[in-house]
Amino acid sequence: MMGKLLDVNTCDIEAFYRGKTLLAEKRPTFLVARKQDADRIQQAAGKLIHVVATASPTGARNAVNEGRLRRQPFVFVAFGTDKADEEAAHYWLNKLDPAKSIRYRPLMQDVNTMHTRGLNIQQWITDGIAYCVPNPNISSHEPTLPAEPIGPTIPIEPVAESEQQPAPVPVPVPEKEKEKEKEKEKEKPLPATDMPPISCSAGHEIQLVEYSYYDLKQVLITGRMWTCECLTSKY
């Protein structure tokens, strides 16, 4: 004769308190040891999360419950802070996906004590979810950067003919400026010669000097000239 199937949702030793909620929509789940703690969390968070209790630190340990927890997006193992609860939390963390579970200790001995001391349980819950549960609408993958940085492309619009700048027109040099340039040319020192002094047949010293003058057409004429008392020549 076959025995009856065990209803893991109603047996306090083998099943979770509020375990049927895990069969509905998947939500962040708080796992606690005591029913009273589960009720306080449910009161504070409403439909934001699931909460289940093992009914005792060593209760509800079976593969069915472990599988139901692993299907949730994230599990907060929120057992109390005494030795038995710490050992139970360690057991459940070993059964869950490390990337989707965390040891989330109450701020006092347990969640019910937090309630009786006036602490904000709802804030404690929402802070944990905000810190641990990734937003499903935001991709967790970082964007791939290109091998070489690419700067913004700025289109170059053609300039209308009416907006184009005209070419610069050379400014004519006034006549007075031309005269000044000519005067500066006259004042330039003549290049020195390194030829040693020589004498003509009469014994007079011959000097090689530079000369410059303007002809009737105002053309500058330059050259060298031999000078002495009896000889004058140009070349």
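Heads up: numbering here begins at 1 and tracks the sequence.
- Within the 4.5 Å cutoff, the side chain of D85 has heavy atoms near those of the R34 side chain.
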Open item on the list: Under the criterion ring pair (Phe, Tyr, Trp, His ring centres under 6.0 Å), I'd like the reasoning laid out for Y131 against W124: C-alpha separation, chi angles, the key distance, then a yes or no.
Closed with: CA-CA 11 Å; Y131 183 79; W124 174 72; over 10 Å; no
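- No donor-acceptor distance shorter than 3.5 angstrom exists from the side chain of H115 to the backbone of I41, with no hydrogens or angles considered.
- Remark: the backbone N or O of D37 is not paired with any side-chain donor or acceptor of N112 at under 3.5 angstrom.
- The two atoms that bring A45 and I125 nearest to each other are CB-CD1, 3.8 Å, heavy atoms only.
- Of all the heavy atoms in M108 and R117, the pair that sits closest is CE-NH1, 3.3 Å.
- Residues T113 and D110 meet the side-chain proximity criterion, which asks for heavy atoms closer than 4.5 Å.
- No side-chain donor from either of D39 and Q43 sits under 3.5 Å from a side-chain acceptor of the other.
- Here the side chains of F74 and I102 are in contact, with some heavy-atom distance below 4.5 Å.
- For the pair Y104/V77, no side-chain contact is recorded, criterion being any heavy-atom separation below 4.5 Å from C-beta on.
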Open item on the list: Run K100 and V75 through side chain to side chain contact (heavy atoms under 4.5 Å, CB included) and show every step you take.
Closed with: CA-CA 6 Å; K100 296 167 53 180; V75 179; over 6 Å; no
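- When side chains are defined from C-beta on, H50 does not count as touching F30, because their heavy atoms never get closer than 4.5 Å.
- Using a 4.5 Å heavy-atom cutoff, the side chains of F79 and R103 are in contact.
- Y17 has its side chain out of reach of T54: every pair of non-hydrogen atoms, C-beta onward, lies at least 4.5 Å apart.
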Open item on the list: For L22 and R71: C-alpha separation, side-chain torsions, deciding distance, then whether side chain to side chain contact (heavy atoms under 4.5 Å, CB included) applies.
Closed with: CA-CA 9 Å; L22 300 181; R71 286 194 294 270; over 6 Å; no
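- Closest approach of L48 and P28 over heavy atoms only: O-CD, 4.1 Å.
- Here the closest non-hydrogen pair linking V32 and A78 is CG1-O, 3.6 Å.
- Remark: R105 engages E86 in a salt bridge, criterion side-chain N to carboxylate O under 4.0 Å.
- Below 30°, between 30° and 60°, or above 60°: for W92 and F16 the angle between ring planes is between 30° and 60°, a tilted geometry.
- To the nearest 0.5 angstrom, Q122 atom CD is 15.0 Å from R40 atom CZ.
- Contact detail for R27 and T29: the closest heavy-atom pair is O-OG1, 3.0 Å.
- Taking all atoms of both residues into account, the shortest heavy-atom contact from V64 to N62 is N-OD1, 3.0 Å.
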